[in-house]
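Everything numeric in this text was worked out from a predicted model, so none of it was measured. Values below: every heavy atom of this structure, side chains too, minus hydrogens, waters and symmetry copies.
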Amino acid sequence: MRYEVSTAVATGYIVWISRGYPAGANPDITIFCKSGLKQLLKEANKKSIADLGYCGEPTVLNTPDVGDEQYQEEMKQICARHKTVNKHLKNWGAMKNQFCHAANFHQVCFEAVAVLTQILTQSGEPLYQVLGE
């Protein structure tokens with residue numbers, strides 16, 4: 001299963017988790033469009049920052065390959081913080097081990113891991129520090 005997890009730029013806190021999608025047939029940009037996050041950003045007239053796996057939606061996404069060199073470096077720093085959150089999620093082993101229960105229970109387990117990760121983050125577990133903080 002694959003999930004889309006979004007974090008706040010300023011804090012690194014988890015602000016969005018999609019439902020689970022079968023791995024392989026659903027690249028990042030497909031999950032972004034199917035999950036409803038694209039529509040929410042569009043309705044709110046907001047943009048998100050994403051890595052290069054999300055190319056193709058410039059009206060709602062900024063990727064590190066646009067803008068001048070300084071802007072690109074800032075985007076890479078912000079994406080690195082998000083990757084640290086992903087690393088914390090993966091440390092629980094929820095995404096690499098074979099899951100031997102019903103598929104709908106996988107989402108419950110993943111969301112529990114996300115909540116625990118959020119609690120650790122809010123309790124001071126360090127995230128990647130963006131330059132200038």
With the side chain counted from C-beta on, respond yes when [X] and [Y] share a heavy-atom pair under 4.5 Å apart, and no when they do not.
X	Y	result
L89	Y3	no
T117	W92	yes
K34	T30	yes
I14	S6	no

Rounded distance [0.5 Å steps], [atom1] in [X] versus [atom2] in [Y]:
X	Y	atom1	atom2	result
L40	K38	CG	NZ	12.5 Å
E73	I78	CD	CD1	10.5 Å
Q72	N62	CD	CG	11.5 Å
K90	H88	NZ	NE2	12.5 Å
S18	M1	OG	CE	9.0 Å
T63	L61	OG1	CG	8.0 Å

> Counting heavy atoms not belonging to K47, are there more than 12 under 6.0 Å from its NZ?
Replying inline: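 Atom NZ in K47 is crowded, with more than 12 foreign heavy atoms closer than 6.0 Å.
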>> Are more than 12 heavy atoms, taken from residues, nucleotides or ligands other than D65, located less than 6.0 Å from that residue's CG atom?
In response: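 Yes.
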> Going by an N to O cut-off under 4.0 Å, is there a salt bridge joining R2 and D28?
Replying inline: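 A salt bridge links R2 with D28.
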>> Among K83, Q118, H82, which residue satisfies the side-chain hydrogen bond (donor to acceptor under 3.5 Å, both in side chains) criterion with T7?
In response: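 Output: one option passes, namely H82.
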> Closest heavy-atom contact between R81 and V9?
Replying inline: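 Looking at all heavy atoms of both residues, the closest pair is NH1-O, 2.8 Å.
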>> Using every non-hydrogen atom in the two residues, find where E4 and W16 come nearest and quote the distance to one decimal.
In response: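 Shortest heavy-atom separation between E4 and W16 comes out as OE1-NE1, 3.1 Å.
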Single-linkage hydrophobic cluster [X]~[Y], side-chain heavy atoms < 4.5 angstrom:
X	Y	value
I31	V5	no
I17	V115	no
Y21	F105	no

>> So does I29 get a backbone contact from the side chain of E57, meaning a donor-acceptor N/O pair under 3.5 Å?
In response: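 Pair absent, no side-chain N/O of E57 close to backbone of I29.
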>> Tell me whether R19 contacts the main-chain N or O of S35 through its side chain, where contact means a donor paired with an acceptor under 3.5 Å.
In response: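 No; judged by distance alone, with no hydrogens or angles, the pair does not exist.
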> Parallel, tilted or perpendicular for Y54 and F32, by the 30°/60° rule?
Replying inline: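 Ring orientation, 0 to 90° scale: perpendicular.
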